[in-house]
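Order of appearance sets the numbers: ligands from 1, and atoms from 1 within every ligand. What you see is a predicted model; the values in this text were computed from it and never measured.
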Amino acid sequence: MPDQVQHDKYKNTFMNYLSQQNPTDFSGKHIIVRVDFNVPLEDGVVSESEAFRIHAVVPTVQFLKNAGAKIILLSHIGRSGDSLQPVADYLEKNLPELGVVFSPDGAINGDCVLLENVRKNPGEESNDSTYAHELAGLGDYFVNDAFAVSHRAHASVVGIAGLLPSYAGFLLESEIKNLDQALQPESPSVLIMAGIKFETKLPLIEKLLPVYDTVILGGGLLNTYLKSFGLNIGKSVIDSSADLSTITGSPKLVIPEKVIIEREGLVQIVTTSQVQENDIIVDVVIDDNMKELLGSAKTVVWNGPLGWYEKGYTQSTIDIVTNLGAQTHSIVGGGDTVTVIRKEHSEDKISFLSTGGGAMLEYLQNGTLVGIDALK
Ligand code: 3PG
Ligand code: MG
């Protein structure tokens, strides 16, 4: 794989990891740290099960604090009108040791300051150079620890990195290292792709099908696949625009034989050929063959929930997690997938939970992201 080798060489030569720096270099300096605190709110509050992205940046913030740096945290949340106040409240209550002070007016009024939602400035999303200079003017160095937004060419991700000496934070580094492993999986390997839209996932399945030993489909992707064989999928969710001819019939694809359906308000298990007009497929049955594949796998990479988890259909998720082998290196990503795993209190059973949704898929597709290239 000459491309991959060259890619790795390029990365190792030019990437500055914060973990490899001498902490004393940062003493007394102002360090701008881009984080991704874009977390969903419930009744205006960050819930513990959604706070995973916030906790993920603690190692970088602690490293810089211990180094005696002054930290300026930049993040977006939701849309331009939304405020980071709920995140600031969460930090104060749950991570008081970081001493984060919220500064909605942009004043640098503490040793660890969180500024307001960068997307309030229209220059953020347009990667406006004036806004990037304004941000860069706040500090001496830039650290990107926001893997989940590093697929966006925004001012606080890309523009600023061209204006200051820049580093990849601890979270970004572990995302890169784990996802590079996902691109070169140790065999036997299993890729699980689920969720609803084939648009971004089909090119990725096409790319990874030659690299993985097994690919398991679930969720709306599976329904779409079943329908392409003329099977009745009732009223189940599908991606009607998908053309699956490039993957159809691959011997590596493992398709569940049984699914869980809702039929007239009742939950039943049926084979995929027994689904009727008014049924809704709500989850898949993880059968013995799949359990064996998962148990003996050295690498499992998983993106997208297999069941309709919002309605409580999480059995497939539980079955996958509990059947991972002791030797399995498991990498899971996609916001919803991680949410389900955390709600089931199963995060300890996964080797690496990616904070990225779209960013994880794009990294696997392209082997890098614009925000990462900007650091090189
Ligand atoms: C995400 O949650 O996917 C990232 O924070 C990026 O957010 P965006 O999709 O609104 O750009
Ligand atoms: Mg998104």
Side-chain angles (χ1 to χ4, degrees), residues 32-42 45-47 49-58 60 73-88 90-91 114-128 131-132 135 143-161 168-169 171-172 174-176 178-179 193-197 199-201 204 302-305 309-310 331-343 352-366 368-375:
I32 302 166
V33 185
R34 180 52 158 108
V35 295
D36 189 330
F37 288 165
N38 183 28
V39 292
L41 304 177
E42 276 168 30
V45 175
V46 178
S47 72
S49 65
E50 302 285 6
F52 151 71
R53 279 185 177 181
I54 300 176
H55 289 267
V57 302
V58 169
T60 288
L73 299 171
L74 300 179
S75 180
H76 71 289
I77 187 166
R79 283 175 288 182
S80 60
D82 297 326
S83 172
L84 280 164
Q85 182 70 56
V87 172
Y90 182 90
L91 286 163
L114 171 65
L115 300 190
E116 184 54 288
N117 184 4
V118 283
R119 290 190 183 170
K120 282 188 185 283
N121 189 313
E124 166 65 359
E125 293 187 62
S126 63
N127 195 18
D128 174 62
Y131 184 51
L135 292 173
V143 173
N144 180 345
D145 215 23
F147 173 76
V149 72
S150 289
H151 57 320
R152 306 280 186 225
H154 292 176
S156 69
V157 179
V158 170
I160 189 174
L171 171 64
L172 185 57
S174 71
E175 294 273 6
I176 290 171
N178 274 278
L179 296 181
M193 290 294 271
I196 293 168
K197 286 208 164 157
E199 189 190 354
T200 46
K201 296 191 182 178
L204 190 53
W302 174 12
N303 186 292
Y309 74 95
E310 295 97 327
I331 299 171
V332 179
D336 297 342
T337 326
V338 173
T339 300
V340 186
I341 285 171
R342 288 178 51 83
K343 283 203 166 133
F352 182 73
L353 288 177
S354 175
T355 54
M360 175 186 177
L361 294 172
E362 207 174 306
Y363 189 91
L364 292 176
Q365 188 71 55
N366 299 330
T368 188
L369 298 174
V370 282
I372 293 171
D373 287 340
L375 300 173

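- Considering only residues two or more places apart in sequence or on other chains, V39 meets the side-chain contact (heavy atoms from CB on, under 4.5 Å) condition with V46, R53, I54, V87.
- Side-chain atoms of R152 and V370, non-hydrogen and from C-beta on, never get closer than 4.5 Å to each other.
- Under a 3.5 Å cut-off, the side chain of D336 and the backbone N or O of P305 do not form any donor-acceptor pair.
- Aromatic rings of H154 and Y131 (six-membered ring for Trp) have centroids beyond the 6.0 Å cut-off, not under it.
- A148 counts as a contact of ligand 1, since one of its heavy atoms falls under 4.0 Å from the ligand.
- Judged by the shortest distance from any of its heavy atoms, H76 lies inside the 4.0 Å radius around the atoms of ligand 1.
- Take S156 and apply the side-chain hydrogen bond (donor to acceptor under 3.5 Å, both in side chains) test, not counting sequence neighbours, and it matches R34, E124.
- Nearest heavy atom pair, residue L171 against residue D145, reads N-OD1, 2.8 Å.
- For ligand 1, the atoms closer than 4.0 angstrom to any heavy atom of R152 are 8 (P), 9 (O), 11 (O).
- Judged by the shortest distance from any of its heavy atoms, R119 lies inside the 4.0 Å radius around the atoms of ligand 1.
- Polar contact check, R53 against ligand 1: a nitrogen or oxygen pair lies under 3.5 Å apart.
- Distances below 4.0 Å separate heavy atoms of D36 from the following atoms of ligand 1: 4 (C), 5 (O).
- Where the criterion is an N or O separation shorter than 3.5 Å, residue side chain and backbone included, H151 fails it with respect to ligand 1.
- Of all atoms in ligand 1, numbered sequentially from 1 with element shown, those under 4.0 Å from a heavy atom of N38 are 1 (C), 2 (O), 4 (C), 5 (O), 7 (O).
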